[in-house]
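Notes follow the structure.
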Protein chains: 2
Amino acid sequence: MTSMLNAYNVYEDRCPTRLLLDRLADKWALLILDRLQEGPVRFNRLRRDIKGISQKVLSQTLKKLERDGLVTRAVFATVPVTVEYSLTPLGQTLNETVSAFAHWAERNMDAVLAAQRAYDEAGAA
Amino acid sequence: MTSMLNAYNVYEDRCPTRLLLDRLADKWALLILDRLQEGPVRFNRLRRDIKGISQKVLSQTLKKLERDGLVTRAVFATVPVTVEYSLTPLGQTLNETVSAFAHWAERNMDAVLAAQRAYDEAGAA
DNA sequence: CGGTATCCAACAAGATACTG
DNA sequence: CAGTATCTTGTTGGATACCG
């Protein structure tokens with residue numbers, strides 16, 4: 001047999017995977033997921049490490065990732081309170097993909113910059 | 001030796017990789033790159049296959065991907081004109097990552113939906 | 001420390017109409 | 001077929017201020 005009825009398809013407009021893809025295909029979400037691969041991290045540590053992220057966006061993104069079951073939030077009753085974020089097992093299944101994305105950008109930046117220059121020069125001619 | 005000076009770092013605010021990550025971490029860009037893995041595709045075919053994408057967004061996204069050196073645009077002087085988009089060798093190096101993303105969403109949608117329900121129920125309590 | 005609430009400017013994107 | 005141009009709305013995200 002070829003396969004069962006395919007329930008989900010990202011190419012379909014109304015498929016719920018579209019919403020999920022939209023949430024994950026986000027610069028901040030990817031950086032958070034990538035950073036959490038090294039283990040549990042506190043809120044303000046994430047804020048410092050992911051340079052340029054605002055408190056609001058960090059908070060919002062973490063909440064969405066938590067709702068999607070990718071991230072766990074653990075509260076410790078210290079004074080002042082300590083909050084640690086970690087990847088769930090589900091979240092960890094994205095590790096390789098997330099890393100690949102970030103590393104790709106770093107490794108191929110020069111090639112992309114060269115392509116941009118070539119494109120812009122051709123357009124200017 | 002451990003490594004050379006790391007020129008690029010996505011965790012840095014001003015790093016050019018941030019701009020690149022922002023462009024690639026996009027639902028439409030990912031779907032386009034994924035669709036192009038099967039070979040050259042014409043404009044309106046992409047438009048039909050990636051359901052819900054507007055002509056404007058498709059055009060804009062393709063132009064950015066072309067400028068970044070990930071996609072090539074080939075024009076054939078038929079009547080009316082035919083335009084084919086393909087992945088460049090650079091663009092093809094992203095194939096696995098892009099596929100992983102889309103497939104992840106499709107494979108784990110049920111788990112995510114379950115997590116969302118659990119989260120929402122807990123919040124309602 | 002770890003957030004929330006509010007305001008606001010900027011940008012993205014959908015709809016629509018038109019063109020070589 | 002393969003776009004561009006324009007308009008208008010909706011959403012994002014930065015800045016700021018405040019709270020348990």
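Letters go in sequence order (proteins before strands), and every chain restarts at 1.
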Nucleotide [N], atom [atom2] - distance to [atom1] of [X] in whole Å:
X: B:Y85; N: D:dC1; atom1: OH; atom2: P; value: 14 Å
X: A:E66; N: C:dG2; atom1: CD; atom2: P; value: 15 Å
X: B:K64; N: C:dA13; atom1: NZ; atom2: P; value: 7 Å
X: A:D22; N: C:dA13; atom1: CG; atom2: P; value: 9 Å
X: A:I50; N: D:dG13; atom1: CD1; atom2: P; value: 13 Å
X: B:E84; N: D:dA2; atom1: CD; atom2: P; value: 9 Å
X: B:R23; N: C:dC11; atom1: CZ; atom2: P; value: 14 Å
X: B:W28; N: C:dA13; atom1: CH2; atom2: P; value: 9 Å

Check ion pair B:K51-A:E12 (N to O, under 4.0 angstrom) =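 A salt bridge is present here (some side-chain N lies under 4.0 Å from a carboxylate O).
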Is it true that B:R45 and B:D49 make a salt bridge, defined as a side-chain N closer than 4.0 Å to a carboxylate O?
->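 Yes.
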Tell me which nucleotide among [options] gets nearest to the side chain of [X].
X: B:V83; options: C:dG2, D:dA2, D:dG13; value: D:dA2
X: A:R73; options: C:dG2, C:dG14, D:dG14; value: C:dG2
X: A:S59; options: D:dA2, C:dT4, C:dG2; value: C:dT4

Please name the pair of heavy atoms, one in A:L30 and one in B:A25, separated by the smallest distance, quoted to 0.1 Å.
->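 Scanning both residues completely, I find the closest heavy atoms to be CD1-CB, 3.6 Å.
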If you find the nucleotide of DNA chain D closest to B:F43 and the one closest to A:I53, which residue's nucleotide is nearer the 5' end?
->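 Per heavy-atom nearest nucleotide, the more 5' residue is B:F43.
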Could you give the distance from CG (B:L46) to CD1 (B:I53), rounded to the nearest 0.5 Å?
->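 B:L46 CG to B:I53 CD1: 8.0 Å, rounded to 0.5 Å.
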Geometric class of the A:F43/A:Y85 ring pair [parallel <30°, tilted 30-60°, perpendicular >60°] =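 The rings of A:Y85 and A:F43 sit tilted, inter-plane angle from 30° to 60°.
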Does A:D26 reach the main-chain N or O of A:A29 with its side chain, forming a donor-acceptor pair under 3.5 Å?
->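 Checked: pair present.
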Side chains of [X] and [Y] only: does a donor on one sit below 3.5 Å from an acceptor on the other?
X: A:W104; Y: B:T93; answer: yes
X: B:Q37; Y: B:S99; answer: yes
X: A:Y119; Y: B:D68; answer: no

Mind listing the N/O atom pairs, protein and nucleotides 15-20 of chain C, below 3.5 Å?
none

Would one find a side-chain N or O of A:R47 under 4.0 angstrom from OP1 or OP2 of C:dG2?
->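 No.
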Return the angle between end axes of the helix from C:dC1-D:dG20 to C:dG20-D:dC1, with five pairs used per end and rounding to 10°.
->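 Between the first-five-pair axis and the last-five-pair axis there is 60°.
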Got a sec: does the CD of B:Q60 have more than 12 other heavy atoms crowding it under 6.0 Å?
->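 Yes - once you tally the heavy atoms of other residues, nucleotides and ligands closer than 6.0 Å, there are more than 12.
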Base, sugar-phosphate alone, or nothing: which one does B:K63 contact when heavy atoms must sit under 4.0 Å apart?
->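 Sugar-phosphate, backbone atoms only, no base.
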Could you tell me whether A:R45 contacts a base, only the sugar-phosphate backbone, or nothing, with contacts defined as non-hydrogen atoms closer than 4.0 Å?
->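 No contact.
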